[in-house]
Amino acid sequence: MEYLSDRVKSLAVSQTLAMAQKSRELKAKGIDIISLSIGEPDFNTPDYIKEAAKKAIDDNYSKYPPVPGYNDLREAISEKFRRENGLNYSPDQVIVSAGGKHSLINVILSIVNPGDEVIILAPYWVSYYDQVILAGGKPVIISATLENDFKIRPDQLESAITDKTRLVMFNSPSNPTGMVYTRQEMEKLARVIEKHEGVFVISDEIYEHIIFEGEHVSMASFDFIYDRVITVNGVSKGYAMTGWRIGFIGAPLWIAKACNKLQGQFTSGVCSIAQRAALAALQGTGESQKIMRDAFLRRRNLICGLLKDVKGLKVRIPQGAFYVMPDITWYLGKSDGETTINTSDELALYLLDKAQVATVGGDAFGSPECLRISYATSDDLLVEAVKRIKVALNRLS
Ligand code: PMP
Ligand code: GLU
């Protein structure tokens with residue numbers, strides 16, 4: 001007999017991680033799967049960062065670190081926010097956590113009460129929805145489609161805000177669409193927030209370094225809402241450090257203190273060695289980031305060029321991150337004589353089964369008409385993957 005809490009029962013399994021796990025299992029059985037499911041750079045962590053971690057072990061960074069992170073790391077993050085984002089966060093407004101995912105749940109648990117509404121902009125990153133559920137909040141979804149470049153209009157935001165709204169989840173460059181909001185577009189959204197006291201914004205900027213066109217703008221740089229923005233970032237994507245698990249926030253002091261309190265009971269300070277590695281990452285020259293960004297740009301051009309020629313897919317060219325999200329509506333209701341595709345998730349499973357290519361269905365991103373493809377893999381594999389996808393899709397009519 002199992003006695004699971006209602007809390008756990010209310011959560012969905014993360015579809016990005018589930019798809020990644022499924023491809024690992026199939027690969028272990030010897031099946032030649034090309035994984036375009038999980039969003040993670042295929043690069044190794046740069047050597048100068050690995051060296052810093054090795055040195056940290058030798059220097060005996062083996063004791064409990066301070067709960068909010070080492071002081072010098074918080075200072076380096078404060079300096080990074082100033083230098084790269086034009087944001088003024090003192091080190092005590094910075095909290096280091098076990099990945100951006102952990103930073104996000106800390107903030108949500110700190111300010112969302114059961115019954116509070118949290119506005120989520122679809123297509124959204126899978127975990128936003130379930131983290132809000134975990135906090136007892138009520139997700140309120142506002143949607144954008146490929147036709148409007150997957151971007152929310154200010155009037156949509158305005159009409160979703162009620163007296164129960166506590167938080168808005170904002171993410172640019174976006175996972176899953178790769179879209180980047182312009183300064184003007186963001187300012188209009190910020191003006192809506194400004195009008196509603198007690199409404200806060202999480203600005204998830206984890207893909208800020210992977211941007212091909214335009215500029216990255218931090219939501220907190222609009223000074224009229226600075227004290228209502230929590231900036232979330234981390235080293236996972238920009239420095240190819242997904243496994244090290246370091247994320248961080250810059251936030252109003254009272255929110256930073258709340259996250260510190262939560263961490264003191266949940267996790268304590270996060271892995272000491274990973275923190276030393278993150279410090280080295282932030283103090284680097286940015287050269288390796290540039291190399292990775294250039295590779296992602298080349299791959300974006302490659303995969304978008306190939307997908308354009310696949311019958312029935314509609315594609316918008318993403319300006320950042322390493323995802324592309326084609327609209328697959330044309331394939332819904334189609335069949336290969338054996339399997340009928342009713343949803344995007346079913347299409348993802350069909351492609352896994354028939355093309356041995358792992359993607360993630362759009363349903364978990366609040367965008368059931370789309371399919372997410374992560375192109376953070378080699379050029380050769382991308383070419384082969386699209387070739388296989390094309391053959392499998394051609395069988396559907
Ligand atoms: N936000 C977004 C939009 C992401 O795509 C990810 C990647 N998983 C995260 C946050 C969390 O990153 P991390 O791996 O540092 O937990
Ligand atoms: N952010 C990545 C993704 O969306 C990693 C997996 C996860 O943490 O959800 O695929």
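Whatever order the structure lists them in is the order used to number ligands and atoms, beginning at 1. If you read the sequence from its start, that first residue is 1, and numbering goes on from there.
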Purely on distance, is any nitrogen or oxygen of K101 under 3.5 Å from one on ligand 1?
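In this structure, K101 places an N or O atom under 3.5 Å from an N or O of ligand 1.
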For ligand 1, which is the ligand I care about here, please tell me if G100 has any N or O atom under 3.5 Å from one of the ligand's N or O atoms.
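Yes: some nitrogen or oxygen of G100 is under 3.5 Å from one in ligand 1.
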Tell me which protein heavy atom sits closest to [atom], plus the residue, atom name and distance to 0.1 Å.
atom	answer
atom 9 (C) of ligand 1	W125 CH2, 3.5 Å
atom 1 (N) of ligand 2	K237 NZ, 3.0 Å
atom 7 (C) of ligand 1	K237 NZ, 2.7 Å
atom 8 (O) of ligand 2	K101 NZ, 3.0 Å
atom 9 (O) of ligand 2	T16 OG1, 2.6 Å
atom 5 (C) of ligand 2	G39 O, 3.6 Å
atom 14 (O) of ligand 1	R245 NH1, 2.9 Å
atom 3 (C) of ligand 1	D204 OD2, 3.3 Å
atom 4 (C) of ligand 1	Y207 OH, 3.6 Å

For residues 331-355, which residue pairs pass the salt bridge (Lys or Arg N to Asp or Glu O under 4.0 Å) check, not counting sequence neighbours?
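Listed by first then second residue: D336-K354, E338-K354.
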Could you note down all residue pairs passing salt bridge (Lys or Arg N to Asp or Glu O under 4.0 Å) where residues 173-188 supplies at least one of them, sequence neighbours left out?
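For residues 173-188, and leaving out neighbouring residues, the salt bridge (Lys or Arg N to Asp or Glu O under 4.0 Å) pairs sorted by first residue read K151-E185, R183-E215, E187-R191.
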For [X], counting its heavy atoms only, list the atoms of ligand 1 lying under 4.0 Å from any of them.
X	value
G99	15 (O), 16 (O)
N175	3 (C), 4 (C), 5 (O)
S236	13 (P), 14 (O), 15 (O)

Just by distance, no angles: are the side chains of [X] and [Y] close enough, under 3.5 Å, to form a donor-acceptor pair?
X	Y	answer
S172	S174	no
E84	H216	no
Y128	D204	yes
D363	Q15	no
K50	N44	no
S218	E205	yes
Y226	Y89	no
S272	Q275	no
E117	T162	yes

Under 4.0 Å from a heavy atom of I38: which atoms of ligand 2 are those, numbered in the order shown and with their elements?
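Those of ligand 2 that fall under 4.0 Å from I38 are 5 (C), 6 (C), 10 (O).
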Please could you name the atoms of ligand 2 that Y323 approaches to less than 4.0 Å, counting only its heavy atoms?
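The atoms of ligand 2 under 4.0 Å from a heavy atom of Y323 are 1 (N), 2 (C), 3 (C), 4 (O).
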Just wondering, more than 12 heavy atoms not from K195 lying within 6.0 Å of its NZ?
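Enclosed: over 12 neighbouring heavy atoms sit under 6.0 Å from NZ of K195.
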Within a 6.0 Å radius of atom CD on E213, are there more than 12 heavy atoms belonging to other residues, nucleotides or ligands?
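Enclosed: over 12 neighbouring heavy atoms sit under 6.0 Å from CD of E213.
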Side chain, backbone, both or neither: [X] near ligand 2, heavy atoms under 4.0 Å:
X	answer
L17	side chain
Q15	neither
N175	side chain

Do the two ring centres, one from F365 and one from Y129, sit under 6.0 Å apart?
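Aromatic pair excluded; centres sit 6.0 Å or further apart.
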Is ligand 1 less than 4.0 angstrom away from at least one heavy atom of [X]?
X	value
E40	no
I206	yes
Y128	yes

For ligand 1, is any non-hydrogen atom under 4.0 Å from V235's backbone (N, CA, C, O), its side chain (CB onward), both, or neither?
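Within the 4.0 Å criterion, V235 makes no contact with ligand 1.
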Location of contacts on H102 toward ligand 1, heavy atoms closer than 4.0 Å:
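H102 to ligand 1: no contact under 4.0 Å from either part.
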If you measure every N/O of W125 against every N/O of ligand 2, is any gap under 3.5 Å?
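Between W125 and ligand 2, an N or O pair is found under 3.5 Å apart.
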Begin from the C-alpha positions of Y207 and F322 and carry the test ring-ring contact (aromatic ring centres under 6.0 Å, His included) through to its verdict.
CA-CA 9 Å; Y207 294 98; F322 35 65; 5.5 Å; yes
